[in-house]
Every structure is written in C-alpha cells, then in structure tokens.
Amino acid sequence: GALVTAAVARAKGPDGKPPRSMRDIYNAASELRRRTNGVAVGWLIAGPLVQLPVFFVAVLGVRRLAQQPDIGLELGGAAWFTDLTL
C-alpha cells in the first residue's frame, strides 16, 4: 500500500535509482514508522505468526471431526444445532 510506496521512494538513492535491496526498503519503512509514531514492524509480523498456527490447528480439528464416523458431525452439535452435516 501507501507505506511500501513511500518506503521505496525514500529508499531510492540520491541519483533517483531504485533501491538495491529489500534491506534498504525495510530500513526506509522503519525510519518512516519511527517518524510518524507508527506501529513497529515486528508487530506487523507477529500477527500472522500467531494467527497461522491457530488456523492450522482449527482446520486439522475440523478435518479430524469430519473423518471420524463414530463422533463425527452428526452428534456433535450444541443447543439447536444437533446435526452439523449438510
């Protein structure tokens, strides 16, 4: 988005050439975030790192429920959702 565009523009060299590495863009983005009191880059990475394992565990759990015929989705509902199959 706008942050990446601004970071690439800041990371350009004095002659106007594009940045040489991703590290230059990362440094420019970090500097831009510091100046604007933005969120630290580490927190932007931490969100997906926490969400991905939770997503995989949930998918594996639902797959396991769907594959087991004895405790599958026919008997596992709650309240008025007694049958979770279609």
Side-chain angles (χ1 to χ4, degrees):
L3 177 67
V4 173
T5 305
V8 169
R10 285 183 173 269
K12 287 184 180 180
D15 53 357
K17 290 187 179 179
R20 287 178 272 159
S21 68
M22 286 299 292
R23 188 71 177 159
D24 293 338
I25 296 172
Y26 177 80
N27 289 339
S30 296
E31 176 67 24
L32 189 60
R33 286 184 188 278
R34 258 187 254 113
R35 285 186 182 182
T36 60
N37 294 328
V39 178
V41 177
W43 285 113
L44 295 175
I45 296 169
L49 287 179
V50 169
Q51 291 176 8
L52 281 173
V54 171
F55 171 74
F56 285 128
V57 167
V59 167
L60 292 176
V62 170
R63 283 186 68 198
R64 186 173 179 191
L65 271 175
Q67 290 174 349
Q68 292 183 351
D70 53 341
I71 61 164
L73 299 174
E74 291 90 15
L75 304 173
W80 60 89
F81 298 111
T82 55
D83 187 3
L84 299 176
T85 60
L86 293 177

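Keep in mind that this is a model prediction, so the values were computed, not measured. All heavy atoms count here, side chains included; hydrogens, waters and symmetry mates do not.
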Taken in chain and number order and not counting sequence neighbours, the residues that satisfy side chain to side chain donor-acceptor pair (under 3.5 Å) with Arg34 are Glu31
Same cluster for Val57 and Leu60 if Ile/Leu/Val/Met/Phe/Trp/Tyr side chains link at under 4.5 Å?
-> no
Exercise: identify the closest heavy-atom pair between Pro48 and Pro53 = O-CD, 4.3 Å
